[in-house]
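Each remark here refers to the structure printed beneath this line.
Counting from 1, the numbers follow the sequence of the chain as shown. Values in this document were obtained by computation on a predicted structure and should not be read as measured data.
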Amino acid sequence: MEVVIVEDSHTGSRLVGGAIAQLLTDKPEAVLGLATGSTPLGVYDDLARRHEQDDLSFAKARGFALDEYVGLPRNHPESYRSVLQREIVGRVNFAPDAVQSPNGWAEDIPAACAEYEAAIRAAGGIDLQLLGVGTDGHIGFNEPTSSLASLTRVKSLTEQTRIDNARFFDDDVSAVPHHVVTQGVGTIRRARHPVLLAWGEGKADAVAATVEGPVSAMVPSSALQLIEHATVVVDEGAASKLRLRDYYQTVYTNKPDWQGL
Ligand code: F6R
């Protein structure tokens, strides 16, 4: 796993935006895994800017959202489908229907989850999966004790995650759904290059457990240790509890440019 410590979230977002732009240049039909929450918003701003200013094209690319709430109206402003439309899909030139989300509205949710897995496989798998991390180490909405082999399925949010996400619902925890449909840890592990981002001291414990803790279902993000090419991009606050912080910085400073992220 590579750990990149950046000065601030702006620098980190531009770095990751640059890696996605390079991927789309090398492979215009790349498949992107798209996270929501506040962490990737700077990356989406950076990609929208590159689309606008540098003609970065998403015309042949595909996208798969990580997760979706169950129980919100489809066009609710905080449904992850709406969030992705607002923050990235509607700001660049993806082809119509090139970005799919897990179907939190399906009558038969298990069947919809199986279809989602099949759609990811049919697209050739995810090339670059953007990830945030919960304060409890969740990735996607795989809460602690999620199987590290799990695939897309329905999950219940922990009370902590519902409290963390209440800020998107006018600070009303009761408005945060209890259930979600999420790519599983096993789904995320199939991505060719997961890139986990974390900003701020509030994520420092989760980042330390992700990178330096044991691989454990209690910290689903620690499953990234099992992936051949995984990158963790963190600002100084999120890096503040890493024991080998200086080592990661030395490695990154001396990394040859041609390796990219
Ligand atoms: C969002 C997602 C979650 C968030 C995590 C962090 O699609 O899958 O794992 O990445 O809850 O949320 P923020 O970025 O809001 O701190």
Side-chain angles (χ1 to χ4, degrees), residues 33-41 65-73 76-84 101-106 109-110 112-113 116-117 129-189 191 194 196-226 230 232 234 237-238 240-241:
L34 301 169
T36 43
S38 50
T39 305
L41 295 182
L66 253 184
D67 39 21
E68 182 56 273
Y69 288 112
V70 174
L72 289 184
H76 188 287
E78 292 308 325
S79 80
Y80 282 170
R81 185 186 294 249
S82 302
V83 171
L84 283 179
S101 301
N103 188 348
W105 298 274
I109 285 194
C113 292
Y116 198 63
E117 287 288 331
Q129 173 68 64
L130 275 179
L131 295 169
V133 63
T135 52
D136 60 2
H138 69 234
I139 45 174
F141 273 136
N142 296 281
E143 297 285 26
T145 71
S146 288
S147 158
L148 301 187
S150 50
L151 300 179
T152 303
R153 70 216 182 291
V154 73
K155 287 290 290 180
S156 299
L157 296 178
T158 62
E159 212 38 40
Q160 185 58 54
T161 299
R162 294 183 64 243
I163 291 167
D164 288 346
N165 284 9
R167 68 191 194 281
F168 298 113
F169 294 85
D170 296 326
D171 289 322
D172 177 6
V173 183
S174 70
V176 182
H178 283 272
H179 295 110
V180 291
V181 177
T182 181
Q183 287 187 32
V185 183
T187 318
I188 294 166
R189 284 177 55 194
L196 183 144
L197 317 174
W199 318 131
E201 269 176 45
K203 299 289 174 75
D205 285 317
V207 167
T210 301
V211 177
E212 297 178 340
V215 174
S216 162
M218 276 302 282
V219 183
S221 52
S222 65
L224 294 194
Q225 294 177 31
L226 300 170
V232 171
V234 286
S240 59
K241 295 197 175 165

Check [X] against [Y] and note the closest heavy-atom contact, atom names and distance.
X      : Y      : result
Arg162 : Val173 : NH2-O, 3.0 Å
Ser216 : Ser222 : N-OG, 2.9 Å
Leu148 : Ala223 : CD2-CB, 4.1 Å
Ser79  : Pro73  : CB-O, 4.1 Å
Ala238 : Ala198 : CB-O, 3.4 Å
Tyr116 : Ser101 : CE1-C, 3.3 Å

If you apply the rule side chain to side chain contact (heavy atoms under 4.5 Å, CB included), what do you find for His178 with Leu157, and how did you get there?
CA-CA 5 Å; His178 283 272; Leu157 296 178; over 6 Å; no
Ring centres under 6.0 angstrom apart (His76, Phe169)
yes
Distance check, rounded to the nearest 0.5 Å: [X] atom [atom1] versus [Y] atom [atom2]?
X      : Y      : atom1 : atom2 : result
Leu72  : Glu78  : CG    : CD    : 8.5 Å
Thr187 : Ile139 : OG1   : CD1   : 10.0 Å
Ile188 : Gln129 : CD1   : CD    : 6.0 Å
Glu68  : Asn103 : CD    : CG    : 8.5 Å
Thr158 : Lys155 : OG1   : NZ    : 10.0 Å
Thr210 : Asp205 : OG1   : CG    : 10.5 Å

Within the side chain of Gln225, is there an N or O that forms a donor-acceptor pair under 3.5 Å with the backbone of Pro214?
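Checking the backbone N and O of Pro214 against the side chain of Gln225, no donor-acceptor pair under 3.5 Å is found.
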Gln183 side chain vs Ala65 backbone, donor-acceptor pair below 3.5 Å
yes
So do Val181 and Cys113 actually touch side chain to side chain, heavy atoms under 4.5 Å?
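Yes, close enough: below the 4.5 Å cut-off.
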Can you confirm whether Ser38 sits close enough to Phe168 that some side-chain heavy atom of one is under 4.5 Å from a side-chain heavy atom of the other?
yes
Whether the Ser240 and Glu201 side chains hold a donor-acceptor pair (N or O, under 3.5 Å, no angle test) is what I'd like checked.
no
Residue of the set Thr36, Asn142, Leu34 for which side chain to side chain contact (heavy atoms under 4.5 Å, CB included) holds with Asp67
Thr36
Side chain to side chain contact (heavy atoms under 4.5 Å, CB included) partner of Leu224, chosen from Val215, Leu196, Val133, Val185
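By the side chain to side chain contact (heavy atoms under 4.5 Å, CB included) criterion, Leu224 pairs with just one of Val215, Leu196, Val133, Val185: Leu196.
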Asp172 atom CG: more than 12 heavy-atom contacts under 6.0 Å:
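Yes, because the 6.0 Å sphere around CG of Asp172 holds more than 12 heavy atoms from other groups.
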